[in-house]
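Worksheet for the structure shown next.
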Amino acid sequence: MLDRATRTIRTAALLLAAYFVLNIALRLALPHALELDEAEQSFFSQYLLAGYGPQPPFYNWMQYAVVSLSGLSMGALIIPKNILLFLCYVFYGLAGREALKHQKLAAVGMLALITLPQVSYMAQQDLTHTTALLFASSLFLYGFFRTLERSGIGSYLLLGLATGIGLISKYNFALMPVVALIAILPDAEWRRRVLDWRILAAVAVALIIVLPHAIWLGSNLEFASSDTLVKMAAGNEPAGAVRIGKGILAFLIAIIAFAALPVAIFAAAFRRDFVRALSAGNRWTGMIERMMLASLAGILLIVLFTGSTTVRERWLDPFLLVLPIYFLAKMQAAGLDLSAGLRRLRSVVPVLMACVLIALGFRVVGAGLIGTYSRPNVPMADLAREMTRQAEPALVIASDPYVAGNMRLQLPHVPVVIPDFPVGGIPAYTTAGGPVLIVWRGKKTATAADAVMPERFSSALTAADITPQEIGALSRPYYFGRQGDNFALGYAWVRPGAR
């Protein structure tokens with residue numbers, strides 16, 4: 001028989017499992033037009049590579065494995081992501097159990113992760129690599145806290161596994177092991193964990209995981225960092241005090257945006273106890289504070305060094321993810337009776353779950369009411385079906401990963417490429433073994449797109465002395481859209497040997 005504390009954490013896990021099943025069901029019920037990150041995964045799942053571009057490859061590798069086993073479908077894109085998010089909560093609860101030494105508090109901490117908008121809403125809306133980062137960060141917290149408490153070889157191996165996965169999930173994870181080391185240096189007992197020979201096993205595991213991508217990264221560093229540098233770029237802002245000030249302000253706003261909701265919910269649930277607990281502390285709260293401060297200082301230095309005036313909240317994900325555990329640890333250290341506050345906090349969790357599900361659904365089905373369309377509103381299935389009504393292509397060449405991923409979902413047995421990926425230049429049309437379909441985004445008008453092929457496609461065809469057999473355009477209404485609001489694609493058919 002399970003004791004009451006164990007049943008508490010198991011009940012919390014079952015509630016979360018049911019919640020993620022509902023998220024899967026909702027996404028499958030909505031139109032099967034892909035979000036941007038979903039489309040990229042759909043496209044990249046054709047290839048197993050050491051690197052794919054500006055993002056590390058962990059999520060791509062996982063998606064490739066799933067698609068290789070099950071074939072490409074909406075479920076193959078959605079279910080693995082929700083499993084990762086579920087495991088993020090589970091490992092977070094296990095990390096809380098190590099730090100809080102109390103099953104009930106660990107269960108509440110696991111559920112309280114939903115108070116972080118980046119975890120509860122943004123990750124469900126689109127993000128894939130960030131989802132991998134959230135999973136790796138929770139796994140790292142569990143491995144790190146467990147190693148501090150129980151320094152067995154299993155704990156070190158788990159820590160190495162989490163570090164390796166994190167490093168190939170998002171590059172900003174690289175700060176996590178550094179700040180963890182800084183955080184334990186003042187504690188003599190915990191400091192000895194770093195000098196234990198078993199730390200070499202953790203390093204070895206992490207290196208084995210990272211090595212394939214690290215070799216690729218050594219030859220593609222400029223390509224891999226280009227997207228991040230563009231996002232952090234200060235634009236036309238001149239160097240000097242103004243740009244520094246804007247960077248610091250953006251950094252502070254990002255922190256507030258990330259932490260405001262969990263702080264408000266904990267303050268409302270625990271009321272005066274939450275304020276009283278702010279001055280309390282123990283060994284664990286001190287260590288967590290050092291982790292957060294060191295990581296935020298590192299990010300601030302990066303902002304100042306790069307001259308960035310943009311800081312996105314999700315860049316803080318691995319460093320402030322620990323906030324719910326930290327709040328509970330502070331109140332536990334204060335020796336307060338938390339029973340009433342815990343009841344109030346638990347009652348908020350189902351409400352937040354319902355709000356997330358409603359928001360995710362309404363942004364699509366209510367798009368016509370608000371006049372703002374999300375990517376699942378795009379009528380990709382209708383457009384693909386109309387374009388291929390007369391014939392199925394042997395190859396699709398798309399203008400960008402978004403169009404490519406959606407076309408691949410609609411034509412899962414047809415190879416899809418984009419210019420310069422996976423090989424340089426436009427593919428050799430004569431090797432396609434059948435008709436080639438070229439697809440690009442049309443103009444954002446309510447009527448059909450102008451049937452004008454983009455110059456990079458037309459010039460490549462001219463250079464190859466190939467004449468398209470058909471150039472056309474299609475425009476279809478958005479799903480759940482207003483009358484006259486359409487999305488357009490242009491297309492061309494090319495047949496090998498045609499001159």
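All heavy atoms count here, side chains included; hydrogens, waters and symmetry mates do not. All residue numbers in this chain count up from 1 along the given sequence.
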**Request:** Go through the side-chain N and O atoms of Ser155 and Arg150 and say whether any donor and acceptor fall under 3.5 Å apart.
**Result:** no

**Request:** Mark yes or no for whether Glu313, through its side chain, and Ile255, through its backbone, hold a donor-acceptor pair below 3.5 Å.
**Result:** no

**Asked** Hey, what do you get for CG (Leu127) to CD (Glu38), rounding to the nearest 0.5 Å?
**Response** 10.5 Å

**Asked** Is the side chain of Asp37 donor-acceptor paired with the backbone N or O of Thr128 at a distance under 3.5 Å, no angle test?
**Response** yes

**Message:** Could you check whether any side-chain heavy atom of Leu34 comes within less than 4.5 Å of a side-chain heavy atom of Gln41, counting everything from C-beta outward?
**Reply:** no

**Prompt:** Does Ser151 use its side chain to pair, donor to acceptor, with the backbone of Leu148 at less than 3.5 Å?
**Reply:** no

**Message:** Can you give me the closest heavy-atom contact between Asn377 and Ala367, atom names plus distance?
**Reply:** OD1-CB, 3.5 Å

**Message:** I want to check something: taking the side chain as every heavy atom from C-beta on, are Leu158 and Leu139 in contact at a cut-off of under 4.5 Å?
**Reply:** yes

**Request:** To the nearest 0.5 angstrom, please state how far the CH2 atom of Trp315 sits from the CD atom of Gln118.
**Result:** 12.0 Å

**Prompt:** Are a donor atom and an acceptor atom from the side chains of Gln124 and Asn82 found within less than 3.5 Å of each other?
**Reply:** yes

**Item:** Distance, nearest 0.5 Å, that separates CG of Leu323 from CG of Leu316
**Value:** 10.0 Å

**Message:** So Arg408 and Phe43, do their side chains get closer than 4.5 Å, heavy atoms only?
**Reply:** no

**Message:** Please give me the minimum heavy-atom distance between Pro212 and Trp61, naming the atom from each residue.
**Reply:** CB-CH2, 4.3 Å

**Item:** Side-chain ion pair, Arg283 and Glu149, N-O less than 4.0 Å
**Value:** no

**Message:** Return the CD1 to CE distance between Ile165 and Met62, rounded to the nearest 0.5 Å.
**Reply:** 11.0 Å

**Prompt:** Taking the six-membered ring for Trp, are Tyr92 and Tyr142 ring centroids under 6.0 Å apart?
**Reply:** no

**Request:** Look only at the side chain of Arg191 and the backbone of Leu185, and say whether a donor-acceptor pair between them is shorter than 3.5 Å.
**Result:** yes

**Check: Asp126 main-chain N/O paired with Lys81 side-chain donor or acceptor under 3.5 Å** = yes

**Request:** Check whether any side-chain N or O of Thr285 sits under 3.5 Å from a backbone N or O of Asn282 as a donor-acceptor pair, and report yes or no.
**Result:** yes

**Message:** Applying side chain to side chain contact (heavy atoms under 4.5 Å, CB included) to Leu134 and Leu84, what does each step give before you reach the verdict?
**Reply:** CA-CA 8 Å; Leu134 294 170; Leu84 273 191; over 6 Å; no

**Asked** Does Tyr402 reach the side chain of Arg441, with side-chain heavy atoms less than 4.5 Å apart?
**Response** yes

**Message:** Minimum heavy-atom separation for Gln55 and Tyr171, please, with both atom names.
**Reply:** C-OH, 4.3 Å

**Complete:** CD1 of Ile265 to CZ of Arg344, rounded to nearest 0.5 Å, is 14.0 Å

**Request:** Using modelled atom types only, decide if a donor and an acceptor are shared between the side chain of Lys101 and the backbone of Glu98 within a distance under 3.5 Å.
**Result:** yes

**Request:** Measure the shortest side-chain to side-chain distance between Val364 and Tyr479 over non-hydrogen atoms and say whether it is less than 4.5 angstrom.
**Result:** no

**Request:** Check whether any side-chain heavy atom of Met292 sits under 4.5 Å from a side-chain heavy atom of Val322, and report yes or no.
**Result:** yes

**Prompt:** Counting only N and O atoms by type, is there a donor-acceptor contact under 3.5 Å from the side chain of Ser42 to the main-chain atoms of Gly405?
**Reply:** yes

**Message:** Between Asp317 and Arg314 (salt bridge meaning N to carboxylate O under 4.0 Å), is one present in this structure?
**Reply:** no

**Prompt:** When you look at Phe327 and Phe270, which way does the ring-ring contact (aromatic ring centres under 6.0 Å, His included) test go after all the steps?
**Reply:** CA-CA 10 Å; Phe327 292 152; Phe270 292 95; 9.5 Å; no

**Asked** Is the closest side-chain heavy-atom distance between Gln63 and Phe58 below 4.5 Å?
**Response** no

**Request:** Check whether any side-chain N or O of Arg375 sits under 3.5 Å from a backbone N or O of Glu35 as a donor-acceptor pair, and report yes or no.
**Result:** no

**Under 3.5 Å donor-acceptor, Lys170 side chain and Thr130 backbone** = no

**Message:** What verdict does the side chain to side chain contact (heavy atoms under 4.5 Å, CB included) test give for Thr163 and Ile209, after you've listed the backbone C-alpha separation in whole Å, the side-chain angles of each residue and the deciding distance to 0.1 Å?
**Reply:** CA-CA 9 Å; Thr163 302; Ile209 295 172; over 6 Å; no

**Item:** Proximity of Phe20 and Tyr89 rings by center, below 6.0 Å
**Value:** yes

**Complete:** Rounding to 0.5 Å, atoms CG (Leu133) and CZ (Phe173) come to a distance of 7.5 Å

**Request:** For residues Thr309 and Ala250, report the shortest heavy-atom separation together with the two atoms involved.
**Result:** O-CB, 3.5 Å

**Request:** Determine the sole option in Leu300, Thr306, Ile302 for which the side chain to side chain contact (heavy atoms under 4.5 Å, CB included) test with Leu304 is passed.
**Result:** Leu300

**Exercise: identify the closest heavy-atom pair between Ala12 and Met110** = CB-CE, 3.5 Å

**Prompt:** Hey, mind stepping through Glu289 and Tyr326 against side-chain hydrogen bond (donor to acceptor under 3.5 Å, both in side chains) and telling me if it holds?
**Reply:** CA-CA 8 Å; Glu289 286 165 359; Tyr326 172 67; 2.6 Å; yes

**Item:** Nearest non-hydrogen partners of Ala33 and Met380, listed with the distance
**Value:** CB-CB, 4.4 Å

**Request:** Please state whether the rings of Phe266 and Phe274 are parallel, tilted or perpendicular, taking 30° and 60° as the class boundaries.
**Result:** tilted

**Asked** Is any side-chain heavy atom of Leu342 closer than 4.5 Å to a side-chain heavy atom of Leu105?
**Response** yes

